[in-house]
Engineer: 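There's a structure below that I have some questions on.
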Amino acid sequence: MTSPAIEAEHLVKKFGDTTAVDDVSFSVPEGSVLGLLGPNGAGKTTTVRMMTTLAKPTSGTARVAGHDVLREPDAVRRSMGLTGQAATVDELLTGRENLRLIGSLYGLSGSYVKSAGADLLERFSLTEAADRTVKTYSGGMRRRLDLAVSLIATPPVLFLDEPTTGLDPRSRVELWEVLRGLVKDGTTLLLTTQYLEEADQLADRIVVIDRGQIIAEGTPLELKDRSGKASLVLTVSRAEDLQTAADMLRQRVSEVHVDEAARQLTAPAEGLRDMTRIAAVFEDSSIELDDLGLKRPSLDDVFLHLTGHRAEEPTETEQEQAS
Amino acid sequence: MTTDTTTRQSASGIARPEIKPTGLLRQSLAITRRNLIHIKRMPEMLMDVTIQPVMFVLLFAYVFGGSIAVKGSPAGYREWLMGGIMGQTIAFASFIVAVGLTADIDKGIVDRMRSLPINPSAVLVGRSISSLLHSSIGILVMSVTGLFVGWRIRGSFAEAVLAYALLLLWGFAMIWIGILVGSAMRSVEAVNGLMFTTMFPITFLANTFAPTDNMPHFLRVIAEWNPISSLVQAVRQLWGNDLPVPADAALPLHHPIITTLIWTVGLTLVMAPLAIRAFAKRTEG
Ligand SMILES: Nc1ncnc2c1ncn2[C@@H]1O[C@H](COP(=O)(O)OP(=O)(O)O)[C@@H](O)[C@H]1O
Ligand SMILES: [Mg+2]
């Protein structure tokens, strides 16, 4: 095994009294994907900024492709591409001009930028829009161009800060496809996200951070197991059937939660197999169902489980800043 | 994949292009070029150095010119006025730098550049070059407009060139103020607000549009010590558009060229470190 492509070593970043990142360490093996998962204000962007030489750690350090961010910032910059949280492509330039600008700043030859740029535009379905100013692009197109620009020098390591935030579901899935392609080609990826599903879809390992600290780490499967099983949600059509249905369910599962107002029953379930088993039971009874579904743990559930607070609750620091 | 000779195989098998270290100059010019494309796409960005000063020339020359006689005639005033408007135009170079820089910081463009293997100063140098070009367009437009309203260069060729050089030098000193303001302000609107409320009074409270002799004593002292006045007086002298300096005028007006040089060097020495520190503080946080 080669040395890790990305390593964070006790990274700390303080802004005045606020500790945005508090002793964060992890490592990402070459060719793999790490998902840095956390709610708004968790410290994801600050962590990425330190690892990409944009911000100086208060203490600790990081290495990218074996280069220390503090001692060899230029070597780090040569080895990585960064797509920031907000699309940082130039609105007044065309797609092609954006690629050309960044390519020439990298010191790539004009002919290389031209051909590699055309390849990237093609790969990201931007060829038709290549000579239009970015102002006319949709959010998804901007994101794709932003990513294309980060790839012009084919960096072995790529940092993506919330790459799909603000995208519609279709663009999100398209972007995931593109990212999978990059990883298949050997790129090491660190991506931050607020969505468990996204981390689940793309990451080999997930680091969950909250209020600047790592609160959990593992494969997507491990994390989901730790944060509670999926649950079965069942809605009966007639309110008077609710208790009967609950009793039927109790004979088959350990625990049933009854929500009378919503005519809803919730019970832990292992997976689809459980669901079809239960569905068959009700099929044979006289109880009519409005809905039967499997609810996987959401980021909220993971958070609630790991931290005891909901993801969207403002953290203490945000409350301080608001007051 | 491209089979360019400048690519090499990486351990993982993808061809990665060779990243050649480039110099500050090439990097700055790439950024300058990008800034100039902005002007090409949004020519209205040039309004501040074209329509606005031309409007000033016409307004002052024909609306106020009648009542401010210089050398006894409105034509004399028009000729005298040109140095003032050029001085004002170049002073606004600071504004142009600040607006551009704040917009780039705000939109994350500066961070994007800083994540590349380039000299971090390239962002500032590129911005400075394009802003100076921007202001130079203004100076050129002013000169042509001036010729139409009767302005003439009456000094020697060398003196005329020196006058333009002084204007550019002044623009260079203004860049640092622009970087300082651009790094400190959080939005383009804030820059606009600050610059309008400071630059207009500063450039008007001088000998730009009216001779200082008739100002109330208190204002006259401020106006004559105002560095803009030295610059404007120097330019007028070199172009042969000046009036005799009254014996009781403040010291700088008696030695405008050397005073202007001292100001530009002094401003640069004081402002450059402050500006660079403000920029670093803003972007490295
Ligand atoms: N430049 C800054 N100055 C002061 N506080 C900051 C700065 N950047 C981030 N923070 C604070 O640090 C914390 C983490 O922010 P951030 O890294 O942006 O979180 P995330 O990207 O996970 O949403 C937040 O409380 C935020 O307000
Ligand atoms: Mg963020």
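A note on names: the letters A, B, ... follow the listed sequences, proteins ahead of strands, and every chain is numbered from 1.
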Engineer: Heavy atoms only: give me the nearest B:Ser115-A:Leu54 pair and the separation to one decimal.
Structural biologist: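 The answer is N-CD2, 3.8 Å.
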Engineer: May I ask you to say whether B:Arg112 pairs ionically with A:Asp90, meaning some side-chain N is under 4.0 Å from a carboxylate O?
Structural biologist: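 A salt bridge is absent here (no side-chain N lies under 4.0 Å from a carboxylate O).
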Engineer: Mind checking which of residues 144-151 of chain A sit less than 4.5 Å from chain B, heavy atom to heavy atom?
Structural biologist: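 If one takes a 4.5 Å heavy-atom cut-off, the residues of residues 144-151 of chain A near chain B are A:Asp146, A:Val149, A:Ser150.
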Engineer: Using a 6.0 Å cut-off, check whether atom CZ of A:Arg100 has over 12 heavy atoms from anything other than its own residue.
Structural biologist: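 Atom CZ in A:Arg100 is not crowded, with 12 or fewer foreign heavy atoms closer than 6.0 Å.
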Engineer: Mark yes when over 12 heavy atoms from residues, nucleotides or ligands other than B:Arg277 sit less than 6.0 Å from its CZ; otherwise mark no.
Structural biologist: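 Open.
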Engineer: Which pair of heavy atoms, one from A:Thr154 and one from B:Pro17, lies closest together, and at what distance?
Structural biologist: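 Answer, listing the atom of A:Thr154 first, then B:Pro17: OG1-CD, 3.3 Å.
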Engineer: So which part of A:Phe15 gets closer than 4.5 Å to some heavy atom of chain B, the side chain, the backbone, both or neither?
Structural biologist: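 A:Phe15 touches chain B through side-chain heavy atoms alone.
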Engineer: Identify which part of A:Glu97 has an atom lying under 4.5 Å from any heavy atom of chain B, answering side chain, backbone, both or neither.
Structural biologist: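 Looking at A:Glu97, just its side chain touches chain B.
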Engineer: Do any of residues 67-81 of chain A have a heavy atom less than 4.5 Å from a heavy atom of chain B, and if so, which, in residue order?
Structural biologist: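 Hits under 4.5 Å: A:Asp74, A:Arg77, A:Arg78, A:Met80.
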Engineer: Restricting to non-hydrogen atoms, name the atom on B:Thr22 and the atom on A:Leu105 that form the minimum distance, rounded to 0.1 Å.
Structural biologist: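 Result for this residue pair: OG1-O, 4.1 Å.
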Engineer: Using non-hydrogen atoms only, which part of A:Ala153 is less than 4.5 Å away from chain B: side chain, backbone, both, or neither?
Structural biologist: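 The answer is both parts of A:Ala153.
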Engineer: Which bit of A:Thr94 is near chain B, if near means a heavy-atom gap under 4.5 Å: side chain, backbone, both or neither?
Structural biologist: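 A:Thr94 touches chain B through backbone and side-chain heavy atoms alike.
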Engineer: Which side-chain N or O atoms in residues 118-126 of chain B pair as donor and acceptor under 3.5 Å with protein atoms at least two apart or in another chain?
Structural biologist:
| unit_1 | atom_1 | unit_2 | atom_2 | d |
| --- | --- | --- | --- | --- |
| B:Asn119 | OD1 | B:Ser121 | N | 2.9 |
| B:Asn119 | OD1 | B:Ser121 | OG | 3.0 |

Engineer: Do any of residues 30-55 of chain B come closer than 4.5 Å to chain A, heavy atom to heavy atom, and if so which ones, in number order?
Structural biologist: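 Contacts with chain A: B:Ala30, B:Ile31, B:Arg33, B:Arg34, B:Ile37, B:His38, B:Arg41, B:Met42.
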Engineer: Apply side chain to side chain contact (heavy atoms under 4.5 Å, CB included) to residues A:Leu101 and B:Met113 and explain how you reach the verdict.
Structural biologist: CA-CA 10 Å; A:Leu101 169 66; B:Met113 308 268 182; 4.0 Å; yes
